[in-house]
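Naming: A, B, ... by sequence-line order, numbering from 1 per chain.
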There are 2 protein chains.
Amino acid sequence: MTSPTIYDVARAAGVATSTVSRAFSNPQRVSAPTRELVLRVAKELGYEANPHARALTSRRTDTLAMVVSDIKNPHFYEIIRGAELRAKASARTLVLVNAEESPRIEREQISRLSRSVDGFLLTASRLPDEDLLEFAATQAVVMVNRQVHGIPSVVLDQREGCRQLVTHLASLGHTSVAYLSGPQKSWMAGARWAAIRDAAAEIGVSAVRMGPFTPRVEHGAAAADAALTTGATALIAHNDLLAIGVLLRLADRSIRVPRDISVTGFDDIFASALCTPSLTTLGGTHANLGRAAVELLLDAADPTGRAGTASLQLVQPSQLVLRDSTGPAPVGRSAG
Amino acid sequence: MTSPTIYDVARAAGVATSTVSRAFSNPQRVSAPTRELVLRVAKELGYEANPHARALTSRRTDTLAMVVSDIKNPHFYEIIRGAELRAKASARTLVLVNAEESPRIEREQISRLSRSVDGFLLTASRLPDEDLLEFAATQAVVMVNRQVHGIPSVVLDQREGCRQLVTHLASLGHTSVAYLSGPQKSWMAGARWAAIRDAAAEIGVSAVRMGPFTPRVEHGAAAADAALTTGATALIAHNDLLAIGVLLRLADRSIRVPRDISVTGFDDIFASALCTPSLTTLGGTHANLGRAAVELLLDAADPTGRAGTASLQLVQPSQLVLRDSTGPAPVGRSAG
DNA sequence: AACACGATGGCAACTGCTTGCCGCCCTCCG
DNA sequence: CGGAGGGCGGCAAGCAGTTGCCATCGTGTT
């Protein structure tokens, strides 16, 4: 009934428990013949180490926590998938945690788990820099799609991506774009707006920011209505969900996309290719983000020789996906 | 640096460690004044129990594992979300595990985690009944969207749902439907086919089954092509992903939906409302599935008084969502 | 007044594994 | 041939809780 322990293995193999322990967790510390003997006996007995007993002394749990700001957002799925795959490849367990867009919940969850995991992947964290730095001081943390000086992170490039996006719109003749901003506490929203503003200035188109909006489909109506008051002919929504919501609202109001107005999003979620019109969006290989983040985390959590990569800020290229929601600017009239 | 233990609390409060332990895990075993003292001191010291030490002796981990057959499928995310929410409400941690449609991986993951969690949520498991029964004998297991006699489960009703679906098609004049089956090892695929076959027989339309197909968008082409050879005027794809793939292929082949042929899916994923034509599908409140499953699991995993609900098979209503991919059967000619 | 019993707190063994330290033995070197 | 040093196995003390059992005390019972 109860599963075998190292004691059972030790007895059966005629060695000390320390030898059994080392055969598993520190193989080169045991001579080859002994090690093989132990492993063979262990296998016969069906021995599997008790992870809790192991964690108790070694303080390693082989578990990683991934906190996402809103588990409803399909954009995270790819990241989760990449992270899950990479974690499994290193025999780590991934705990998924939802912060529900709330800094308080995020904080609670982190402290609840801090004892049970080797490190945290914080995805699009809504927490202020100070809190993050404080957490990062006591445990391994890697940020995804958020940069904080002094904490390793993986982000999809926004500057260059937004430049391309604005350039694309400008090349279609748009001279005025509106950014429909994401949540106030979203670092990404700030980064996007800054990049859009700068690119717009450089290229010579005007840019305004509206919002903040909660980036979900159902808030697209408000965003669309707000955007129309600006007279902009191109709308850059904070993400695809919001953009889809905008598309739906515009259709409702019989405003044609892209003839009357162009719309773009961010993330390139699955539905963006399928909606009507299909959505031009700034995407990227999100699974890679998750994968890279886990890699960073694994060696941030590795007690040996962490120095090298301690505070790496990885930037992965984003990628403009042109579809049907962007087109030439209407001539001689505003969209409003 | 190192966080306080019950020893620190015990010393500070002037009681024995056992008293501290009980104040937390067995409150009524300690007199109210003592308990309050202990809790107050613990709070002052910032004490938090070490979950591994606790798990080592008590064998409770407050962690639940959720195994999904394919983490890529958006359909699971609603279930995950519901499960995650419910788990958090009971202060349980949810571990997410991907089985990648492989029984072997599923088995591996389960045994890897069996020591670290209080129970398993197996979603659309690809394992044979015997394996499941064996697992269920030694640990708490709840199945989602799969039924095995003797194991508690939560499923979305297929019989009635498929009946409605076939009835809907028949009422549009379709006399011949094709089911594009899911994976061979998918219990759901079997359940759906059985329900469709029976409903078709009862209603008086003919039904054939094609496949199995891996239920992803990219396999939709093969499924569509196969289906067209049958001459059926209505296609029931195993899930929305496959259905969307079918729609794309049919568009490629200039076959109009629903004029030439009707297409339906299962699951009602987010994209199904947005694709063109939007997809008629058999959905349901999947978040509820996840929630209910966790509830079942919590009391299957509860060592006290489990008898009552030991092997409950919950069936939740599914719900036919009519959209644009189904329409009147073409008259006077077959689709092929 | 003697006794029983329930409530409460403490003792200490126990969970299963890790790891610092010790000692043995064999090899290599001077 | 003696000594040094490295490789390897074992001892035992943790790690941070849980829990069975016992002792104590106060109260209710006869």
Can you measure [X] atom [atom1] to [N] atom [atom2] for me and round it to whole angstrom units?
X	N	atom1	atom2	answer
A:Leu37	D:dC8	CG	P	15 Å
B:Asn50	C:dC17	CG	C1'	14 Å
B:Tyr7	D:dA13	OH	P	15 Å
A:Phe24	C:dG16	CZ	C1'	13 Å
A:Asn26	C:dT19	CG	C1'	10 Å
B:Ile6	D:dT18	CD1	C1'	8 Å
B:His52	D:dT18	NE2	P	14 Å
B:Arg59	C:dC17	CZ	P	10 Å

Starting the side chain at C-beta, find the nucleotide from [options] nearest to [X].
X	options	value
B:Thr19	C:dC17, C:dG10, C:dG16	C:dG10
B:Ser21	D:dC15, D:dG10, D:dT18	D:dT18
A:Arg54	C:dT18, D:dG10, D:dA16	C:dT18
A:Ser58	C:dT18, D:dC15, D:dT18	C:dT18
A:Ser31	D:dA16, C:dT18, D:dC8	D:dC8
A:Val30	C:dT19, C:dT15, D:dG9	D:dG9
A:Ser18	C:dT8, C:dG10, D:dA12	D:dA12

(message) By the 4.0 Å heavy-atom rule, please label B:Val20 as base, sugar-phosphate, or nothing.
(response)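 Result for B:Val20 = nothing.
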(message) Under 4.0 Å, heavy atoms only, any strand: does B:Ala55 hit a base, just the sugar-phosphate, or nothing?
(response)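 Since no nucleic acid heavy atom lies under 4.0 Å of B:Ala55, the category is nothing.
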(request) Between B:Arg22 and A:Thr5, just flag the one whose closest nucleotide in DNA chain C comes earlier from the 5' side. (result)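 Closest to the 5' end, via its nearest nucleotide, is B:Arg22.
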(request) Give a yes or no on whether a salt bridge exists between B:Arg81 and B:Glu78, defined as a side-chain N under 4.0 angstrom from a carboxylate O. (result)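 Yes, B:Arg81 and B:Glu78 are salt-bridged.
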(request) Measure the acute angle between the ring planes of A:Tyr77 and B:Tyr77, then classify it against the limits of 30° and 60° as parallel, tilted or perpendicular. (result)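 Plane angle under 30°, so parallel.
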(message) Is the ring pair B:Phe24/B:Tyr47 parallel, tilted or perpendicular, if the boundaries are 30 and 60 degrees?
(response)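 B:Phe24 and B:Tyr47: tilted rings.
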(request) Measure distances between side-chain N and O atoms of A:Arg29 and base N and O atoms of D:dG7, and say whether any donor-acceptor pair falls under 3.5 Å. (result)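 Result: no qualifying N/O pair found.
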(request) Return yes when atom CD of A:Glu108 has more than 12 non-hydrogen atoms of other residues, nucleotides or ligands closer than 6.0 Å, and no otherwise. (result)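 Result for CD/A:Glu108: enclosed.
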(message) Check this for me: B:Gln28, atom CD, are more than 12 non-hydrogen atoms of other residues, nucleotides or ligands nearer than 6.0 Å?
(response)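 Buried by this count: over 12 neighbours within 6.0 Å.
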